[in-house]
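What follows is a short report on a single structure.
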2 protein chains.
Amino acid sequence: MPYKDKEIEKLYYTIGEVSSMLNLNASQIRFWDKQFEIIKPHKNKHGNRLFTTKDIEAIAKVNELINEKGFTIQGARQYLEQSPEMFDDKREQAIAYLRLLKEKLSLLQE
Amino acid sequence: MPYKDKEIEKLYYTIGEVSSMLNLNASQIRFWDKQFEIIKPHKNKHGNRLFTTKDIEAIAKVNELINEKGFTIQGARQYLEQSPEMFDDKREQAIAYLRLLKEKLSLLQE
DNA sequence: GAAAATCATGCCGTACAAAGACAAAGAAAT
DNA sequence: ATTTCTTTGTCTTTGTACGGCATGATTTTC
């Protein structure tokens, strides 16, 4: 089977790969690794981090919360804990939207 | 007319009143006043702040965003800008908006 | 005189970034 | 082949800049 490796998705990514993938400083990724439970890379024999795609998604989410939406680390952590369906953004938005509708409707009915 | 003032809602509140109402330090309120456009108390001739209920609601909202939800000042500002309808109290607009929401809701309920 | 204001400065924690040290992986030289 | 050098990537630890108020100091208003 030629080219076999090239067609198989990698299981693990190094911190450098993740760093350039997401355009984030490696030290920042290490820092978040300490701060967020959802980022839990494996480590090889000498302590190097091995990230799965799940880890990478988690890092991307943290990045969004902190650098785009303007949460503190604490706030992001809290946000993530409160929405276990966190990686389903559509659902999240829909729920928020419905909540808003419900509120406003109850006001309307006076 | 006895007790007249006690039964009429105040138009303006001093910073001390707001401070104890919301259990916030006055310096923090002054600071937020500088940071958030939606907090815009009137000032009397010699500069004392006069807060309306609208201002107080705005402060309460900022407090919620920062101290409960964990936004940074920047993030809270950005959040508030992205949902202007929340503090737009003009009745007519609100009603028109609710009518729209109702429509959408009936669509959603299928 | 208690509470308001405006500065200025102080200060503490957060959120990284830089520093320093070590390991692995080629080239180059012996 | 093995040693040495250099580069590159990773690690942990420590430093630091900035955000977010708090605290005077001083003056004025209620």
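The chains referred to below are lettered A, B, ... by the order of the sequence lines, with proteins before strands, and numbering in each begins at 1.
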Fill in: 4.5 Å side-chain heavy-atom contact, A/Leu22 and A/Ile56
yes
Practice prompt. Answer whether the closest heavy-atom distance between the side chains of A/Ile73 and A/Trp32 falls below 4.5 Å.
Written response: yes
Response to the item:
Note: contacts of residues 42-52 of chain A with DNA chain C (heavy atom, under 4.0 Å) are A/His46
Worksheet item: Hey, can you pull the residues of residues 24-32 of chain A with a non-hydrogen atom under 4.0 angstrom from DNA chain C?
Response: A/Asn25, A/Ser27, A/Gln28, A/Phe31, A/Trp32
Discussion item. B/Val62 and side-chain contact (heavy atoms from CB on, under 4.5 Å): which single residue from B/Ile66, B/Ile59, B/Leu65 fits?
Written reply: B/Ile66
Worksheet entry | For B/Phe31, all residues meeting ring-ring contact (aromatic ring centres under 6.0 Å, His included), sequence neighbours excluded | none
Worksheet item: Got a sec, which residues hit ring-ring contact (aromatic ring centres under 6.0 Å, His included) with B/Phe71, two or more places apart in sequence or on another chain?
Response: A/Phe71, B/Tyr79
Verify, without hydrogens or angle tests, whether [X] (side chain) and [Y] (backbone) share a donor-acceptor contact under 3.5 angstrom.
X	Y	result
B/Gln78	A/Glu68	yes
A/Thr72	A/Gly75	yes
B/Ser19	B/Leu24	yes
A/Arg77	A/Gln35	yes

Discussion item. One pair to check against side-chain contact (heavy atoms from CB on, under 4.5 Å): A/Arg49 and A/Thr14. What are the steps and the verdict?
Written reply: CA-CA 6 Å; A/Arg49 291 170 177 77; A/Thr14 67; over 6 Å; no
Worksheet, complete the sentence: Comparing B/Gly16 with B/Lys34, nearest DNA chain C nucleotide closer to 5' gives the residue B/Gly16
Worksheet, complete the sentence: Between its two end axes (five pairs each) the helix from C/dG1-D/dC30 to C/dT30-D/dA1 turns, nearest 10 degrees, through 10°
Worksheet item: Nucleotide range of DNA chain D contacted by chain B, 5' to 3', under 4.0 Å to a heavy atom?
Response: D/dG20 to D/dC30
Fill in: Between P of C/dA2 and CD of B/Glu17, the distance in whole Å
18 Å
Worksheet item: What's the CD1-P distance between B/Ile73 and C/dA15, to the nearest Å?
Response: 13 Å
Worksheet entry | Under-4.0 Å salt bridge between A/Lys61 and A/Glu64 | yes
Discussion item. So that I can tick it off, tell me whether B/Asp55 and B/Lys40 are bridged by a salt bridge, with the cut-off set at under 4.0 angstrom between side-chain N and carboxylate O.
Written reply: no
Worksheet item: Taking atom CD of A/Gln74 as the centre, does the number of heavy atoms from other residues, nucleotides or ligands within less than 6.0 Å exceed 12?
Response: no
